[in-house]
Amino acid sequence: MRIIYSPRHAGHAGNVELNSGEIVPAFELPRRAEIIRARVIEVGLGPVEPPETFDLATAHRVHDAGYLGFLPRAYAMWQAEGRSGTAMPFVFPTPGLRRDRPPADIDGLLGFYAFDAGATFVAGTWDAVRASHDVALTGASLIAGGERAAFALCRPPGHHAGGGFAGGYCFINNAAVAAEYLRGRGIARVSVLDVDYHHGNGTQEIFYARGDVQVVNLHADPLREYPYFLGHADERGAGAGEGATLNLPLPWGTGIGAYRAALDTALAAIADFGPGALVVSLGVDTYKGDPISRFALDTPDYPGIGAAIAGLGLPTLFVMEGGYAVEAIGENAVGVLEGFEAA
Ligand code: SP5
Ligand code: ZN
């Protein structure tokens with residue numbers, strides 16, 4: 001399959017994050033994308049191609065104008081205060097506070113447009129986000145043009161970003177933009193299958209009231225795990241989207257047996273929905289060695305996941321999301337793609 005990659009991700013580097021009460025280097029590192037790219041080449045998965053440049057019209061259909069306008073300005077506003085390093089929010093408009101008056105100050109805006117402190121800005125962030133968006137759309141355009149499969153090697157990831165907020169290392173929701181693009185290219189129904197360890201709260205929120213894009217998530221139970229405030233099994237969609245959201249939360253310690261059973265349930269729901277294309281939010285933080293996650297999948301398990309997805313027989317765009325066991329991320333992520341190709 002064809003692989004889309006941009007070196008511009010590398011400017012999103014040097015960020016810190018809050019972890020267990022300490023400021024530490026962000027787990028979401030440039031080396032993640034480089035190791036995946038090296039593995040793609042090592043196994044000969046297919047040609048690695050640069051993205052085309054897309055305008056933000058599709059992104060504007062899944063994100064708010066105020067939010068999309070803020071992203072390119074955030075770090076310059078931070079620097080205008082005489083600051084350097086990592087721009088990070090610390091105050092958020094939860095229910096009970098006002099959302100109708102966007103602040104004019106950078107610290108207020110960072111929180112206004114975020115649900116956690118985990119999507120942080122450095123000087124190269126916007127350019128990397130913009131390139132990641134182009135990578136996803138280039139992959140989607142290949143699928144719309146008739147390719148059976150493509151891999152959008154996106155970085156930064158996207159599935160935690162909602163219509164009006166960043167979070168969890170995510171800014172533009174690449175998978176949501178790709179799904180929306182496929183809809184605009186005449187595919188009447190699109191499914192998103194999110195296999196990242198964390199619930200894809202942003203993707204779910206964006207499509208929750210829509211019947212044309214199904215969103216299916218396999219993830220760690222939000223009772224115990226980030227993002228905590230979405231991803232329960234009783235979330236089924238709303239209005240025209242009633243029944244088009246499916247959540248399959250799984251306990252800490254889940255291994256391949258229980259995971260494959262849940263995946264089979266997810267795949268059956270997708271087959272029932274009858275989409276014309278599939279977008280896979282591909283996170284491999286389900287790996288047993290992941291430093292921030294608690295599932296127990298092992299490297300030999302990943303090709304079987306790809307093979308099972310291939311069984312749907314759908315044009316399929318893989319969009320890279322999480323995975324923080326950097327030394328294993330190449331084998332694990334590319335293992336899914338090899339399994340898909342071999343099936
Ligand atoms: C795209 C993606 O995978 N984003 C994940 C963001 C997770 N951020 C919060 C993780 C909190 C982990 N705390 C674990 C403590 C163990 N040292
Ligand atoms: Zn994740």
Side-chain angles (χ1 to χ4, degrees), residues 9 12 15-33 36 86 88-90 92 114-120 125 128-129 132-133 135-136 152-162 165-178 192-206 215 217-231 247-250 252-254 259 279-297 302 305 318-326 328-329 332-333 336:
H9 78 85
H12 182 57
N15 313 50
V16 295
E17 71 174 77
L18 264 175
N19 184 52
S20 306
E22 295 185 315
I23 296 282
V24 301
F27 288 92
E28 202 288 288
L29 290 163
R31 219 153 60 81
R32 299 176 56 250
I36 296 167
T86 296
M88 179 188 286
F90 66 89
F92 307 93
F115 79 97
D116 76 353
T120 64
T125 296
V129 168
S132 191
H133 155 276
V135 165
L153 211 180
C154 290
R155 178 181 180 271
H159 75 147
H160 294 303
F165 56 83
Y169 313 136
C170 302
F171 303 86
I172 287 179
N173 192 317
N174 304 306
V177 172
V192 179
L193 171 64
D194 189 322
V195 298
D196 188 280
Y197 172 79
H198 305 98
H199 179 251
N201 60 288
T203 315
Q204 176 173 310
E205 184 236 13
I206 286 167
V215 179
N217 256 276
L218 268 75
H219 54 280
D221 191 333
L223 279 176
R224 288 268 176 201
E225 190 56 84
Y226 178 94
Y228 297 111
F229 311 117
L230 209 65
N247 282 322
L248 299 165
L250 297 162
W252 279 348
T254 292
Y259 192 87
V279 175
V280 178
S281 268
L282 176 59
V284 290
D285 35 13
T286 48
Y287 177 55
K288 65 178 185 180
D290 196 273
I292 62 171
S293 308
R294 302 199 191 198
F295 280 179
L297 272 59
Y302 287 98
I305 293 171
F318 291 91
V319 174
M320 196 65 213
E321 302 282 3
Y324 309 99
V326 178
I329 193 174
N332 293 343
V336 173

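One-based numbering, in listed order, for ligands and for the atoms of each.
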Between [X] and [Y], is there a donor-acceptor pair closer than 3.5 Å when you use the side chain of the first and the backbone of the second?
X: Arg155; Y: His9; result: yes
X: Thr86; Y: Val16; result: yes
X: Asn174; Y: Pro156; result: yes

Next on the checklist: Between Phe165 and Phe92, is the ring centroid distance below 6.0 Å?
Outcome noted: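 No.
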Checklist entry - Is it true that His12 and Phe171 have ring centroids separated by less than 6.0 Å? => result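 His12 vs Phe171: aromatic centres under 6.0 Å.
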Indicate, as side chain, backbone, both or neither, the part of [X] found under 4.0 angstrom from ligand 1 when only non-hydrogen atoms are considered.
X: Asn19; answer: side chain
X: His159; answer: side chain
X: His160; answer: side chain

Do any N/O atoms on [X] end up under 3.5 angstrom from N/O atoms on ligand 1?
X: Asp116; value: no
X: Tyr226; value: no
X: Gly168; value: yes
X: Tyr324; value: yes

Next on the checklist: If I take every N, O or S atom of His198, is at least one of them less than 2.8 Å from the Zn ion (ligand 2)?
Outcome noted: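 Yes, since at least one N, O or S atom of His198 sits under 2.8 Å from the Zn ion (ligand 2).
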Checklist entry - Closer than 2.8 Å to the Zn ion (ligand 2), do we get an N, O or S atom from Asp196, backbone or side chain? => result yes
Checklist outcome for this item: The protein heavy atom nearest to atom 10 (C) of ligand 1 is Ile292 CD1, 4.2 Å
Checklist entry - Looking only at protein heavy atoms, which one is nearest to atom 16 (C) of ligand 1, and how far off is it? => result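 Sorting protein heavy atoms by distance from atom 16 (C) of ligand 1 puts Pro291 O, 4.2 Å first.
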Checklist outcome for this item: A student checking ligand 1 against Asp285 at a 4.0 Å heavy-atom cut-off should list atoms 3 (O)
Checklist entry - For ligand 1, which atoms, with element, lie under 4.0 Å from some heavy atom of Gly322? => result 3 (O)
Checklist entry - Could you go step by step and tell me if Val280 and Val336 meet the side-chain contact (heavy atoms from CB on, under 4.5 Å) rule? => result CA-CA 11 Å; Val280 178; Val336 173; over 6 Å; no
Checklist entry - Asp285: which N/O/S atom is nearest the Zn ion (ligand 2)? => result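 The nearest such atom is OD2.
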Item to check | Trace of the side-chain contact (heavy atoms from CB on, under 4.5 Å) decision for Val215 with Asp194 | outcome: CA-CA 8 Å; Val215 179; Asp194 189 322; 5.8 Å; no
Next on the checklist: Can you tell me how the ring of Tyr259 sits relative to the ring of Phe295, calling it parallel under 30°, perpendicular over 60° and tilted otherwise?
Outcome noted: perpendicular
Checklist entry - What's the spacing between His159 NE2 and Leu282 CG if we round to 0.5 Å? => result 11.0 Å
